[in-house]
Amino acid sequence: MKLWSQYFIPTLKESPADAEIASHRLLVRAGLVRKLGGGLYTYLPLGLRVMQKLTQICREEMERAGAIELWMPHMHPAENWQQGPRWTAAREIMFRADSSGDGKRGSREPEYVLGPTHEEVITPLVKSEITSYRDLPKNFFQISTKFRNEIRPRYGLMRAREFVMMDAYSFDVDDPASIKSYHAMKAAYEAFFRRVGARAIAVEADTGVMGGSFSHEFMVPAEIGDDDVIYCEESGYAANREKATSALVPKDLVDAEPAGALEEFATPGIVTIAALEAAPYSVAADKQFKTLVYIGDGKPFLVVLRGCDELEEAKLGALGFMLTRPATPDEIEPVMGARPGSLGTVNGTIKNPGALAGIFADHAIRLVGNGTTGANKDGFHLRNVNVVRDLAVTKFGDFRRVRPGEPCPLSGKPLQVRRGIEVGHIFKLGTKYSEKFNAVYTDDQKQSHPMVMGCYGIGIGRTMQAIIEQSHDADGIVWPWNAAPFHLLVCVLDPQLPEAMELAKSLAVAAEQAGAEVLIDDRAERPGVKFKDADLIGVPLRATIGGKGLKEGIVELKWRTQKEVAKLPLAEAAARLAAAVAEGRAKA
RNA sequence: CGGGGUGUAGCUUAGCCUGGUAGAGCGCCUGGUUUGGGACCAGGAGGUCGCAGGUUCGAAUCCUGUCGCCCCGACCA
């Protein structure tokens, strides 16, 4: 039990000026954190207690899933990263930690970096320590600090430069075994979020810079989230916007309507889809082909979409380039023969097709019959263009951004969209890292194989804030039992009365024996201040002892989630309190 | 990194446009009256007006630079 007057809970009446969203304001007002600098926070005692609750539950679920806890350095030799597969892609988010820093960013190669995650540390470790199939599978995890030089830290702990994360890494003999590990972790995640009272859903996600073959994000639905989740109530389909697909596309590769004769026509000054939609041309956007030029690892390639569709850049990741970017007009002209606005992929119109790394078309263009596209001649377009007859396509794929209302790929019902906060992410990595670091094992046939890896992360601080975002009211935080910094707050309205404090302490002991953690508000404050603070810090149970109640022979008991106050006769108070604690634990 | 904003006491802020002794509320300290949903009275402490230049007799205020912070975009747990 803790006495408030001896503890440290600096609550604030007013919201800090730099806090925009409810959870960030409450984090600061309830005395959980204080800011040191952009994206850097001190966890005050109350905040630390919540973090410890979350890490302990996380640890239990990881161990239940068979993962083994260890602790790795946070300062990594830069060589580890230079050897790994994502040095180029990841270096801008890494802080460098040099012994002889000259203060000039990027002026030379760093000696050390602060770890944003630990694949580059765990993989070499496993490579040197595990060499036999007999020692697999293994899954290692740690709960520790991560450093990322976020371009724009935001929303308190939501996007911080230094943050606490659980990260785990699985090593298996083959793909089926790795998928088994992946599903065990997915189940462990679901158990973790359920136990801490965060309503999180698993959605299909893009693998991004991590690489790997598939992945799920765990999202807490919230208006302030950074990600769009596309989902279908009917089928349970849920995917990150970057990954989401719909059932728009026909199965057979045939032209959508009888093909008319290909015909060139002049379109002076027309360089946008919208301009071609307007009179006198009046070509609907879904009857146009949009041709985009990108550079993949230095070589140009084309992406063809319907005029009405948007490219989802993340989906270009499927093409296997390390780095992609849009091409500039000066890069485009020598290859295509025209500048943006008059581009197309009709056979024979591209000036220098040999320069291209490929022509990738979205499946949806198969819906376009007798469409219009650029002639690769500035100021000219072609009409009656048909996919099978006219277009050069290396490969069809899914490249367009899905819109809400399109049919669900599973049920065909309209897809919906909502915002979410990403609190966890799991990846099936494959052999990308094990091959780079030569983490191989020998099987029972004396054959050597790269280990198949998975990696997994849970943002602990982000989860804490997501819980607040999801569980608060106008008065303050409403903690779920298992995440609460304390379970019972005993408000002593007249702490100067010895019998009041004695009663408070005996009730606290009873509650502790029933399994609660107890905070006693023994401050010499007016009742109003104590009640406001009690609601603000959001402890699930509140017992109130006042001079008035003592005369009547009662103690009051109230749940943070309810308005009603129960009046407990003194003789029953301890037992009723213990029963309430048992109820809180049972429901958690 | 691009665009927008902002910096005044521990916190929330007024003053800046139109240059002339830096103001309030909360919090804090002292005394008193209060005491069941952020009390009241009296007194008090606390500010290099982010920093550096410049203009001016005179700068929180105008100009230049710089740094921090916040918001919108791309990235992430």
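Note on naming: letters A, B, ... go to the chains in the order of the sequence lines (proteins, then strands), and numbering restarts at 1 for each one. Being a predicted model, the structure only gives us computed values, none of them experimental.
- Among A/R401, A/K290, A/R403, the one residue that satisfies the side chain to side chain donor-acceptor pair (under 3.5 Å) test with A/D309 is A/R403.
- A/E119 has its CD atom 13 Å from the P atom of B/C76, to the nearest Å.
- Of the P atoms belonging to B/C41 and B/U34, the separation is 15 Å, rounded to the nearest Å.
- Within residues 547-555 of chain A, the residues having any heavy atom under 4.0 Å from RNA chain B are, by residue number, A/K548, A/G549.
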Listing time: all N or O pairs from protein to nucleotides 70-72 of chain B that are below 3.5 Å?
{"unit_1": "B/C70", "atom_1": "OP1", "unit_2": "A/K35", "atom_2": "NZ", "d": "3.4"}
{"unit_1": "B/C72", "atom_1": "OP1", "unit_2": "A/Y155", "atom_2": "OH", "d": "3.1"}
{"unit_1": "B/C72", "atom_1": "OP2", "unit_2": "A/R152", "atom_2": "NH1", "d": "3.1"}
{"unit_1": "B/C72", "atom_1": "OP2", "unit_2": "A/R152", "atom_2": "NH2", "d": "2.9"}
{"unit_1": "B/C72", "atom_1": "OP2", "unit_2": "A/R154", "atom_2": "NH1", "d": "3.2"}
{"unit_1": "B/C72", "atom_1": "N4", "unit_2": "A/R152", "atom_2": "NE", "d": "3.4"}

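- Using a 4.0 Å heavy-atom criterion, one finds that A/R29 contacts the bases of the nucleic acid, with or without backbone contacts as well.
- Heavy atoms of A/G424 sit under 4.0 angstrom from primed sugar atoms or phosphate atoms, though from no base atom.
- Using a 4.0 Å cut-off between charged nitrogen and carboxylate oxygen, A/R560 and A/D473 count as a salt-bridge pair.
- Taking the C1' atom of each, B/U56 and B/U64 are spaced 16 Å apart, rounded to whole Å.
- A search for side chain to side chain donor-acceptor pair (under 3.5 Å) contacts involving A/R325 returns A/E331, not counting sequence neighbours.
- The C1' atoms of B/C11 and B/G38 are separated by 15 Å, rounded to the nearest whole Å.
- At the heavy-atom level, A/D227 lies under 4.0 Å from base atoms of the strands shown.
- For the pair A/R462 and A/F163, the NZ or CZ position fails the cation-pi test of under 6.0 Å to the six-membered ring centre and within 45 degrees of the ring normal.
- Using a 4.5 Å heavy-atom threshold, the side chains of A/L3 and A/M501 count as touching.
- In this structure, CD of A/E14 is placed 12 Å from C1' of B/G10, rounded to the nearest angstrom.
- RNA chain B is contacted by A/R526, A/P527, A/G528, A/V529, A/F531, A/K532, A/D533, A/D535 of residues 523-537 of chain A, taking any non-hydrogen atom closer than 4.0 Å.
- B/C76 atom C1' lies 12 Å from atom CZ of A/R86, rounded to whole Å.
- Here B/C11 presents its C1' atom at 9 Å from CZ of A/R34, a figure rounded to the nearest Å.
- Taking the side chain as every heavy atom from C-beta outward, A/K558 and A/K563 never approach each other to under 4.5 Å.
- For the pair A/K186 and A/I426, the tightest heavy-atom approach, listed with the atom from each and the gap, is CB-CD1, 3.8 Å.
- Taking atom C1' on both nucleotides, B/A9 is separated from B/G46 by 6 Å, rounded to a whole Å.
- In RNA chain B, runs of at least 3 stacked Watson-Crick or G-U pairs (N1-N3 plus N6-O4 or O6-N4, or N1-O2 plus O6-N3, all under 3.5 Å) give these stems: B:1-7 with B:67-73, B:10-13 with B:23-26, B:28-33 with B:39-44, B:50-54 with B:62-66.
- Note on A/E556: a base of the nucleic acid sits closer than 4.0 angstrom, heavy atoms only.
- For the pair A/L40 CG and B/G68 P, the interatomic distance rounds to 12 Å; values are reported in whole Å.
- Residues A/G457 and A/R542 both approach RNA chain B. Their nearest nucleotides, taken by heavy-atom distance, put A/R542 toward the 5′ side.
- Within the nucleic acid shown, A/S15 comes within 4.0 Å of sugar-phosphate atoms alone, with no base atom in reach, counting heavy atoms only.
- The minimum heavy-atom distance between A/I537 and A/A30, with the atom names listed, is CG2-O, 3.8 Å.
- The side-chain heavy atoms of A/R25 and A/H472, taken from C-beta on, include no pair separated by under 4.5 Å.
- No side-chain heavy atom of A/V518 sits under 4.5 Å from any side-chain heavy atom of A/F486.
- Between the side chain of A/R152 and the backbone N or O of A/R159, no donor-acceptor pair lies under 3.5 Å.
- Annotation: B/G44 and B/U48 have their C1' atoms spaced 23 Å apart (nearest Å).
- When rounded to the nearest whole Å, the span between CG of A/L493 and P of B/G36 equals 9 Å.
- Rounded to an integer number of Å, the gap from A/R419 CZ to B/C76 P is 15 Å.
- Taking atom C1' in both B/A77 and B/U13, one finds a spacing of 36 Å when rounded to whole Å.
- Using modelled atom types, no side-chain atom of A/D475 and backbone atom of A/D535 make a donor-acceptor pair closer than 3.5 Å.
- Comparing B/G2 with B/C62, their C1' atoms are spaced 28 Å from each other, to the whole Å.
- A/K2 has its side chain out of reach of A/L46: every pair of non-hydrogen atoms, C-beta onward, lies at least 4.5 Å apart.
- A side-chain donor-acceptor contact under 3.5 Å links A/D362 to the backbone of A/F399.
- Going from the C1' atom of B/C17 to that of B/A59 covers 15 Å, rounded to whole Å.
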Please tabulate, one pair per line, all N/O donor-acceptor pairs under 3.5 Å involving side-chain atoms of residues 216-225 of chain A, not counting sequence neighbours.
{"unit_1": "A/H216", "atom_1": "ND1", "unit_2": "A/Y182", "atom_2": "OH", "d": "2.7"}
{"unit_1": "A/E217", "atom_1": "OE1", "unit_2": "A/N240", "atom_2": "ND2", "d": "2.6"}
{"unit_1": "A/E217", "atom_1": "OE2", "unit_2": "A/N240", "atom_2": "ND2", "d": "3.1"}

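- In this structure, A/P16 reaches the sugar-phosphate backbone alone: every heavy-atom distance under 4.0 Å involves primed, P, OP1 or OP2 atoms, never a base.
- Under the salt bridge (charged side-chain N to carboxylate O under 4.0 Å, His left out) rule, A/D521 has a single partner from A/R542, A/K532, A/K530, A/R526, which is A/K530.
- In this structure, A/E150 atom CD and B/G73 atom P are separated by 15 Å, rounded to whole Å.
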